[in-house]
Amino acid sequence: MPFIRECIVTTLRENDDVHIAPMGIHEDGKRLIILPFKPSTTLDNLERQGTATLNYTDDVRIYAGCLTGRSDWPTCSTEIIQGVRLEDCLAHTELEVTGKVDDPVRPRYSCKTVHEAIHAPFHGYNRAQSAVIELAILVSRLHMLPQARVHQEIEYLRTSVDKTAGPREQEAWDWLMTKVDSFQTSKKESRR
């Protein structure tokens, strides 16, 4: 069973605009595997350019922001590949695609690391940061999960946010909860 790294993936569109997406990257030995859903911008960019950057950050607003229409985060150029990284990331890994296994839902892009750099120390996530990342994953799957399960997970995660959130974590939580509320409201209206 591969280990999964939750991180922010940056790729470049055809016009060199930056695409930022939170993703779980599979680590299988020395291989890193990106599994974007079809269709997706990350998939299109990997197909065309064959490179990506994994960004490791403790600012969970970036995870929440990407899922709630807030994707304008400062970036800078990468060192080896033609690409970008988050300007304020703690570390980043530059990847080149070395192979692909097609799939009707989630193709598997095997990648090799061509460069890694540490920019600041990682002091660990507090419980609220972990809760926001888990809520971000739930939000990305709202259309696939039973609403009762979503509600149950949110109630469990909310305790960590209430106890340990700082201003950034609270802001990220609020963005995601607005998205959940909007989804649930639209689902109720569509049943009428």
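Residues: numbered from 1 along the sequence shown. Note that these values count all heavy atoms, side chains included, but never hydrogens, waters or copies made by symmetry.
Checking Glu47 against Tyr109 by side-chain atom types alone, a donor-acceptor pair falls below 3.5 Å. Asn55 and Thr10 form a side-chain donor-acceptor contact under 3.5 Å, judged by distance and modelled atom types alone.
Contact between Trp73 and Gly65 at its shortest, heavy atoms only, is CZ2-CA, 4.4 Å. When all heavy atoms of Thr51 and Thr11 are compared, the closest pair comes out as O-CG2, 3.9 Å. Nearest approach of Lys100 to Pro107, heavy atoms of both residues: CE-CB, 4.2 Å. Taking each heavy atom of Trp175 and Ala64 in turn, the nearest pair found is CE3-CB, 4.0 Å. Shortest non-hydrogen contact noted between Lys38 and Asp102 is NZ-OD1, 3.1 Å. Taking each heavy atom of Thr53 and Val84 in turn, the nearest pair found is OG1-O, 3.1 Å.
Cluster annotation: Val60 is connected to Ile8 through the hydrophobic network of ILVMFWY side chains, with a link wherever side-chain heavy atoms come within less than 4.5 Å. Put simply, Ile20 and Leu95 are part of two different groups of oily side chains (I, L, V, M, F, W, Y) that touch within less than 4.5 Å, one to the next. Under a hydrophobic clustering in which Ile, Leu, Val, Met, Phe, Trp and Tyr are joined whenever their side-chain heavy atoms come within less than 4.5 Å, directly or via other members, Leu54 and Leu43 fall into the same cluster. Ile80 and Tyr56 are not part of a single hydrophobic cluster, where members link through side-chain heavy atoms under 4.5 Å apart. Under the 4.5 Å side-chain heavy-atom criterion for Ile, Leu, Val, Met, Phe, Trp and Tyr, Val132 and Leu142 are members of the same hydrophobic cluster.
A salt bridge is defined here as a Lys NZ or Arg NE, NH1 or NH2 lying under 4.0 Å from an Asp or Glu carboxylate O, and Arg61 with Glu169 fails to meet this definition. Using a 4.0 Å cut-off between charged side-chain N and carboxylate O, Arg168 and Glu171 make no salt bridge. Remark: Arg31 engages Asp28 in a salt bridge, criterion side-chain N to carboxylate O under 4.0 Å.
Side-chain atoms of Glu27 never come within 3.5 Å of backbone atoms of Arg5 as a donor-acceptor pair (strictly under, hydrogens ignored). When atom types are taken as modelled, the side chain of Arg13 and the backbone of Asp44 share no donor-acceptor pair closer than 3.5 angstrom. In terms of modelled atom types and a separation under 3.5 Å, the side chain of Thr164 and the main chain of Ala128 share a donor-acceptor contact. Arg127 contributes no side-chain N or O that, together with a main-chain N or O of Lys163, makes up a donor-acceptor pair within less than 3.5 Å. Side chain of Arg108 to main chain of Val101: no donor-acceptor pair is present (N/O by atom type, distance under 3.5 Å, no hydrogens or angles). Side-chain N or O atoms of Thr98 include one that pairs as donor or acceptor with a backbone N or O of Ser110 at under 3.5 Å. Not one N or O on the side chain of Glu96 forms a donor-acceptor pair closer than 3.5 Å with the backbone of Ala52. Between the Ser182 side chain and the Thr178 main chain, no donor and acceptor come within less than 3.5 Å of each other. A distance-only check finds a donor-acceptor pair linking the side chain of Thr78 to the backbone of Gly83 [under 3.5 Å]. With hydrogens and angles ignored, the 3.5 Å screen pairs no side-chain donor or acceptor of Lys179 with any backbone N or O of Ala136.
Thr57 is not listed as a side-chain neighbour of Asp88, based on a closest heavy-atom distance of 4.5 Å or more. Counting only heavy atoms from C-beta outward, the side chains of Tyr125 and Ile133 approach each other to under 4.5 Å. Contact of the Val180 side chain with the Ile154 side chain is registered, since non-hydrogen atoms from C-beta on lie closer than 4.5 Å.
The number of heavy atoms from other shown groups lying within 6.0 Å of CG (Asp72) does not exceed 12. Environment of CD in Glu14: sparse, with no more than 12 heavy atoms of neighbouring residues, nucleotides or ligands closer than 6.0 Å.
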Distance-only donor-acceptor hits, side chain of residues 112-124, under 3.5 Å, sequence neighbours excluded:
unit_1: His115; atom_1: NE2; unit_2: Glu79; atom_2: OE1; d: 3.4
unit_1: Glu116; atom_1: OE2; unit_2: Thr93; atom_2: OG1; d: 3.0
unit_1: His119; atom_1: NE2; unit_2: His92; atom_2: ND1; d: 2.8

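The line from CD1 of Ile4 to CD1 of Ile25 is 9.5 Å long, rounded to the nearest 0.5 Å. Taken to the nearest 0.5 Å, the CE atom of Met23 stands 12.0 Å off from the OH atom of Tyr63. Atom CG of residue Leu135 and atom CG of residue Leu157 lie 6.5 Å apart, to the nearest 0.5 angstrom. Here Ile81 contributes atom CD1 and Leu12 contributes atom CG; the two are 8.0 Å apart, rounded to the nearest 0.5 Å. Atom CG of Leu46 sits about 6.5 Å away from atom SG of Cys111, to the nearest 0.5 Å. Going from atom SG of Cys66 over to atom CZ of Arg70 covers 11.0 Å, rounded to the nearest 0.5 Å.
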Trace of the side chain to side chain contact (heavy atoms under 4.5 Å, CB included) decision for Arg48 with Asn45: CA-CA 5 Å; Arg48 190 188 67 266; Asn45 295 343; 3.3 Å; yes

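Applying the side-chain hydrogen bond (donor to acceptor under 3.5 Å, both in side chains) test to every pair with at least one member in residues 136-154, sequence neighbours left out, gives these pairs: Gln147-Gln184.
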